[in-house]
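Remarks on the structure that follows.
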Amino acid sequence: MVDGRKDLHIFDMWSVTSLRYRYEILQPIVRLIRCAVGPGFLFMDNNAPSHRAALVEAYLQSEGMKLMYWPIQFPKLKPMEHE
């Protein structure tokens, strides 16, 4: 990590499961960033199904990570329908 930035992690094979997300992203990357940032760290993801799995939620809770809540559908961000 240089200047507070981390290279993009690309999953090159298969889909991202909750196990892969936890062991390839959360533990080795996000956990270290949280330690570097300190108590003001707020984690944000995009509500993908693998991000909301019980395994991931339990891990985030056990690590004491604060998670930014994103509603599944936010009316003001919906595209306008053409009539």
#### Entry: Pairs satisfying salt bridge (Lys or Arg N to Asp or Glu O under 4.0 Å), at least one member in residues 35-47, at least two apart
Asp45-Arg52
### Task
List for me each residue that meets side chain to side chain donor-acceptor pair (under 3.5 Å) alongside Arg22, sequence neighbours excluded, and say none if there are none.
none
#### Entry: Pairs satisfying salt bridge (Lys or Arg N to Asp or Glu O under 4.0 Å), at least one member in residues 33-42, at least two apart
Arg34-Glu63
### Task
Write out all pairs satisfying ring-ring contact (aromatic ring centres under 6.0 Å, His included) with one or both partners inside residues 16-53, taking only residues at least two apart or from two chains.
Tyr21-His51
### Point-to-point distance, once rounded to the nearest 0.5 Å, from CE of Met68 to CG of Leu42
5.0 Å
### Query
Quick one: CH2 on Trp14 to CZ on Arg20, what's the gap to the nearest 0.5 Å?
7.5 Å
#### Entry: Cluster overlap Leu19 with Tyr59, hydrophobic side-chain contacts below 4.5 Å
no
### Task
Of all the heavy-atom pairs spanning Glu24 and Ile29, show the shortest one and how long it is.
O-CD1, 3.8 Å
### Task
Decide yes or no for Val30 and Met65: does some side-chain heavy atom of the first lie under 4.5 Å from some side-chain heavy atom of the second?
yes
### Task
Give the minimum heavy-atom separation between Thr17 and Ser50, together with the two atoms involved.
C-CB, 3.7 Å
### Query
How far does CD1 of Ile33 sit from CZ of Arg31, to the nearest 0.5 angstrom?
13.0 Å
### Query
Which distance, rounded to the nearest 0.5 Å, do you find between the CG of Leu55 and the CG of Leu26?
9.0 Å
### Message
Pair Leu60, Lys66 - check side-chain contact (heavy atoms from CB on, under 4.5 Å), show working.
### Response
CA-CA 8 Å; Leu60 292 172; Lys66 296 177 201 163; over 6 Å; no
